[in-house]
Amino acid sequence: YEYGRPWLDHMTTYLKGNVDFISSFIEVELPDINLPKPEGSYQIWLDFRKLGLSNEELATFLSEKAGLALNQGYTYGPGGDGFARMNIASPRAIIEKAMVQLKMALS
């Protein structure tokens, strides 16, 4: 803990960059998906409710059509229907690939 501050600062900056990239990508390329403002950590929530899919349909869409393994929001309790949780503690190239896969699946 004594010497971890530089690493933490770098990681926090990197994660913010991933959030900024995802936010910009969604704004331009994926207007039917919403990214609620993250409150911290390395997990974000993606709001797919505009697609009008059931939880089961969303899970199938994400895994089979987009090739993404995201955590389904409904498993976290009330209010999670239509959401998926994404881990953003990954290299930017993987985040970019995931966003492109999502875009291709929606087109």
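Predicted, not measured: the structure shown is a model, and the values here were computed from it.
Environment of CE in M11: crowded, with over 12 heavy atoms of neighbouring residues, nucleotides or ligands closer than 6.0 Å. More than 12 heavy atoms of other shown residues, nucleotides or ligands fall within 6.0 angstrom of atom CD in Q43.
Between A89 and Y42, the shortest heavy-atom distance links the atoms CB-CB, 3.7 Å. Residues F83 and L58 approach most closely at O-CD2, 4.1 Å, considering heavy atoms. Annotation for K50 and P31: closest pair NZ-O, 3.6 Å, computed over non-hydrogen atoms.
With a 4.5 Å cut-off on side-chain heavy atoms, L35 and I33 do not count as touching. Taking the side chain as every heavy atom from C-beta outward, E29 and L106 never approach each other to under 4.5 Å. For the pair K97 and I94, the minimum side-chain heavy-atom distance is 4.5 Å or more. Looking at heavy atoms from C-beta onward, L102 lies in side-chain contact with L30 at the 4.5 angstrom threshold.
We find the OH-CD distance between Y74 and E56 to be 8.0 Å, quoted to the nearest 0.5 Å. How far CG of D81 is from OG1 of T75: 10.5 Å, rounded to the nearest 0.5 Å. Here NZ of K65 is found 13.5 Å from CD of Q101. Values are rounded to the nearest 0.5 Å. Atoms CZ and CG, from R85 and L70 in turn, are 10.5 Å apart once rounded to the nearest 0.5 Å. One distance of note links CD1 of I44 with CD1 of I95; it measures 7.0 Å at 0.5 Å rounding.
Taking the side chain to side chain contact (heavy atoms under 4.5 Å, CB included) definition, one finds that A98 meets it with L68, M86, sequence neighbours left out. With sequence neighbours excluded, no residue forms a ring pair (Phe, Tyr, Trp, His ring centres under 6.0 Å) with Y14.
A donor-acceptor contact shorter than 3.5 Å is absent between the side chain of N34 and the backbone of F48. In this structure, the side chain of T60 does not engage the main chain of E57 through any donor-acceptor pair within 3.5 Å.
The hydrophobic clustering, which links ILVMFWY residues whose side-chain heavy atoms are closer than 4.5 Å, places L53 and W45 apart.
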What pairs of donor and acceptor atoms, side-chain ones from residues 15-25 against any protein atom, are under 3.5 angstrom apart with sequence neighbours left out?
from : atom 1 : to  : atom 2 : distance (Å)
K16  : NZ     : D20 : OD1    : 3.4
K16  : NZ     : D20 : OD2    : 2.9
N18  : OD1    : R92 : NE     : 2.3
N18  : OD1    : R92 : NH2    : 3.2
N18  : ND2    : I88 : O      : 2.8
N18  : ND2    : S90 : O      : 3.1
S24  : OG     : D20 : O      : 3.1

